[in-house]
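First up is the structure itself, then whatever we jot down about it.
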Amino acid sequence: MSRSDDRYNVKETEEKWQRVWEDRQAFLATEDASRPKYYVLEMFPYPSGRIHMGHVRNYTLGDVVARAKRAQGFNVLHPMGWDAFGLPAENAAIERGVHPGKWTRENIAAMREQFKPMGLSIDWSREVSTCEPEYYRHEQKMFLDFLKAGLAYRKRSWVNWDPVENTVLANEQVIDGKGWRSGAAVERRELNQWFLKITHYADDLLAALDGLPRWPEKVRTMQANWIGKSEGARVFFDLAAPVAGHDEAHVEVFTTRPDTLFGASFVALSPHHPLTRALAERDPRLVEFIAECDRIGTSEEAIETAEKKGFDTGLTVRHPLDPSWELPLWVANFVLMDYGTGAIFACPGHDQRDMDFARKYGLPVRAVVAPKDADVAAFSKELAETATDAFTEAGVAVNSGFLDGLATTEAKRAAIARLEELGKGKGTVQFRLRDWGVSRQRYWGCPVPVIHCDSCGIVPVPEDQLPVTLPEDVTFDKPGNPLDHHPTWKHVDCPTCGKPARRETDTFDTFFESSWYFARFADPKNETAGFGKDKAGYWLPVDQYIGGIEHAVLHLLYSRFFTRALRDCGYLDVAEPFDGLFTQGMINHETYKDPNGKWVEPGDVEKLPDGTARRLSDSAPITVGRSEKMSKSKKNTVDPTRIIDTYGADAARLFMLSDSPPDRDLDWSDAGIEGAWRYLNRLWRLVTDAGVDLGTAGAALPDALPAEAMALVRAAHKAVAGVTDDLEALRFNTAVAKLRELTNAIGDAVKDPAKADGAAVRFALETVVRLLNPMTPHITEELWQRLGHTTSLAETAWPNADPAMLVENTVTLAVQVNGKLRGTVELPKDCPKEEAEAAALALPNVQLQLEGKAPRKVIVVPGKIVNIVA
RNA sequence: GGGGACGUGGAGAAAUUGGUAAACUCUGGCGACUUAAAAUCGCCCGGCUUCGGCCUUGCGGGUUCAAGUCCCGCCGUCCCCACCA
């Protein structure tokens, strides 16, 4: 065939193989007890309407794993779906008057078409979309089961209110005092809300992190910190006198340092504490103080700059271990209502914040813990009178009556024991984690399936009346929840008493849907339940989950909780949904600004040879900024569809996998994608136009090969072993490097008639094609066919490395003198130590270093190194 | 303030986990082919050098025959959490 006619036609080839895979239903998954299963899942996308480079990276990573595992004999499940509820759909409705359902479904259709050219090995028959009643009806049933099990409840409480999104947010969705999507400063509101009892599993969610070795350490640490377990005690400080309008006779505080109780200086209440509110009823100055506290935000700067402020109530409380000792009761702006009990006892000597507060307001400071072997009198005097730094370390209890002399750990234990004996406290474990508020005052979500009846209270919707579907005829012309404004939808008769009642108009947080979708994929068509226990039992847990680290304490924690809740309600038998987790890095791109400081798109920028850049349209000088995460606001995005149109999916995939380790950020560059494209074309030419007779497909390698041909065969075997290891460990960048190395070796071999052995070259080329297949599936299928094979690589087993081929006959030993490299020697593989030593000592440069003296010592590490100590 | 990660050529990175630092790639330079360009192919690309070599993994110590890798102390960058009692 003519050389020039046989250029690689990307479009034709990629479409051809996508058709072949689809016709053969190559990636359809069915349960099969005879093979080990492998469930690969990437975090499913929100249907924004356009795929972005982050998607390309995410789904490429997963696809490589899925294809490699399939070739290695696993029964692979690799599904795709849509996280389809959420606010952008509602915003589109408000801005453009399009119904959220229509907007979402059109986006899904558009994105599906954008994903297909990527050539992903997905079982599309399992596609799910969370906004359809076929999906969300099952989570309504789950919610009713959670209600029965006491894992869901309704409570009036202080919540995070996002004034832009007009809805409540969960604690996990408030970042630095701002809404995670809107960026608006979050307000505090007291509302009736539905909660899921994630705190019921706090201890288990924390302890079980140790059982997830295939999760990144970082994510486990983040979850552990979020759950935030601290051990301590609840302590009761009796009010010296009863307070009108307040029932409690004591103030309950939480402390992790009960050993410092004798250093107590005052007790401080949160501005939102019920007692504070009772006191404010008759003290306008306190009302003003509370208002002042509320004005200070919870952002980083606010906290850093906010002064510690207090309000002396004039009341006193009795010390739990010495009732004759009365302590002043303050209200302080730094005491949080939603951690612990909303009240603290302050020990300025051993807590920095309390120290600052005490010095400011002239409150006493007492030393009750001293460093081991310290001069107690001097230490106490200094701490009490002049110190501004608290002593916060562990030590020995002093000035503390019965605790004196005990080390901090023992003192804590003894203090708790005494408190319990006196009925003045209790040892306890406090978690930072709070229950998951799932109510959202929005339309485009799953309706909470309950009815409010004036006579019967909260009535769950009877199961035979599920699903509670969203009404289609809604308007978005008024602010607030369209379900609330709907003329008829919320009016129903009470299922219990038949009297007129109202539907709950809150919908679930969208993280509700994503907390169980991985189980739905195991049995996506099930109409009677979210999934069958048998099918979930076969596929779960997910063996490899891949997504962004931004969900470390959101989706990933909710899913772990949800799976436990489902287990306890009898849905499945696993506790952990994701056995292996991989968090990929972001895609970055340089940023460009014009002389007016406006962002400029990469497509409108030309880089000049002198290192500067200018705008294509008007030649204005462009400032090149640092590489940052691709975002629309900075205009530094690159459209994947355009890249795939130009270079093909294989080149885009290969670039994603090359160079940067997948957990690190990747800089997108035109040069990078060009490099991947060049490599694929080079491989194409090597196979289609090797200039060597490659023989026929399936022919066995001759037993005897010339040494140089043998070296190429060995290199191929080494690549099989290396690439297989790399893929297993998700080291795609080094896998690509090894394949390029082998390709370079083939390129060298075919150029040299002395080295160009057809059988060896064929073997090496076939090895490259097979190993590269999970990464660039289209071109490798085509090349496999052109090499004379009739099977599809999607149905071909992974190659095996022959261990005998991995060992070299000779090795190059490094020769060091005093740890510094001074030469190398080439020796047979199993050369005795003595010979290696002799060969090393014979090197001229070694002799020079020794200056005629005898070596003091020689270390020989067989096959590696000889180190001579002079 | 608490926790974590990282620091290697002009850039992305690699280093068999303590054993020849810089594989693989990008950018750049020189050359071949071409009327020319693109594409392609070849060579060079950490520093110094008296051309024998010598030095080099943020800085300073340490352990070891041997340290990019382990330990201690700094410096720097990034991420997460945070008035958490």
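All values reported here derive from a predicted model rather than from experimental measurement.
- Using cut-offs of 30° and 60° for the angle between ring planes, the A:Tyr647 and A:Trp677 rings count as perpendicular.
- None of A:Phe345, A:Phe311, A:Tyr361 except one satisfies the ring-ring contact (aromatic ring centres under 6.0 Å, His included) rule with A:Trp330; the exception is A:Tyr361.
- In this structure, A:Lys360 places its NZ atom where more than 12 heavy-atom neighbours from other residues, nucleotides or ligands lie under 6.0 Å away.
- Looking at A:Arg220 and A:Glu217, a side-chain N of the basic residue comes within less than 4.0 Å of a carboxylate O on the acidic one, giving a salt bridge.
- Checking B:G42 for Watson-Crick or G-U wobble geometry (two distances, each under 3.5 Å) identifies B:C30 as its partner.
- Side-chain proximity of A:Lys751 to the nucleotides B:G19, B:A82, B:G42 is greatest for B:G42.
- Using a 4.0 Å heavy-atom criterion, one finds that A:Val869 contacts the sugar-phosphate atoms exclusively.
- Side-chain to base pairing of A:Lys308 with B:C83: one donor and one acceptor N or O lie within less than 3.5 Å of each other.
- Looking at the side chain of A:Thr221, the nearest of the listed nucleotides B:C54, B:A14, B:G3 is B:G3.
- The 12-atom threshold is exceeded at CG of A:Asp748, counting heavy atoms of other residues, nucleotides or ligands nearer than 6.0 Å.
- Mapping A:Asn225 and A:Leu813 onto RNA chain B by nearest heavy atom places A:Asn225 closer to the 5' end of the strand.
- In terms of phosphate contacts, A:Arg664 brings no side-chain nitrogen or oxygen within less than 4.0 Å of OP1 or OP2 of B:C79.
- Comparing the same atom, C1', in B:A66 and in B:U20 gives a spacing of 12 Å after rounding to whole Å.
- One P atom belongs to B:G46, the other to B:A22, and the distance between them is 11 Å to the nearest Å.
- A:Val815 comes within 4.0 angstrom of nothing in the nucleic acid, heavy atoms only.
- Using the Watson-Crick or G-U wobble rule with both distances under 3.5 Å, B:U77 pairs with B:A5.
- A perpendicular orientation is assigned to the rings of A:Phe391 and A:His350, their planes being inclined by more than 60° (bins at 30° and 60°).
- If you take atom C1' in B:C78 and the same atom in B:C30, they sit 40 Å apart, rounded to whole Å.
- With rounding to the nearest 0.5 angstrom, the CG atom of A:Leu683 is 7.5 Å from the CD1 atom of A:Ile746.
- Comparing A:Arg822 and A:Arg685, the nucleotide of RNA chain B nearest to each residue sits closer to the 5' end for A:Arg685.
- Partner assigned to B:A85 is none, using Watson-Crick or G-U wobble distances below 3.5 angstrom.
- Spacing of C1' atoms, B:C79 relative to B:C71, comes out at 26 Å, to the nearest Å.
- B:C45 and B:U35 have their C1' atoms separated by 32 Å, given to the nearest Å.
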Item to complete: Could you encode protein contacts along nucleotides 22-27 of chain B as a string, one character per nucleotide from 5' to 3', using B for base contact, S for sugar-phosphate-only contact and - for no contact, with a heavy-atom cut-off of under 4.0 Å?
Response: -BSSSS

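- For the OP1/OP2 pair of B:A82 and a distance below 4.0 Å, the side-chain nitrogens and oxygens of A:Arg432 include at least one atom meeting the criterion.
- Considering only the side chain of A:Ser660, B:A13 comes nearest among B:C84, B:C65, B:A13.
- Taking the six-membered ring where the residue is Trp, A:His250 and A:Phe236 present tilted rings, their angle falling between 30° and 60°.
- With a 3.5 Å ceiling on both atom-pair distances, the Watson-Crick or G-U wobble partner of B:C24 is B:G12.
- The partner of B:U35 is absent, by the rule that a Watson-Crick or G-U pair needs both atom distances under 3.5 Å.
- Across all their heavy atoms, A:Thr341 and A:Phe254 have their closest contact at OG1-N, 3.5 Å.
- For A:Trp226, counting side-chain heavy atoms from C-beta on, the closest listed nucleotide (B:A66, B:A82, B:A85) is B:A82.
- B:G3 and B:G10 have their C1' atoms separated by 35 Å, with the value rounded to a whole Å.
- Nucleotides B:C81 and B:U17, compared at atom P, are 36 Å apart to the nearest Å.
- Close to B:C84, at under 4.0 Å from its OP1 or OP2, lies a side-chain N or O of A:Arg353.
- As judged by a 4.0 angstrom heavy-atom cut-off over every strand, A:Asn867 is placed among the base-contacting residues.
- Residue-level contact check: A:Thr824 touches the bases, meaning some heavy atom is under 4.0 Å from a base atom.
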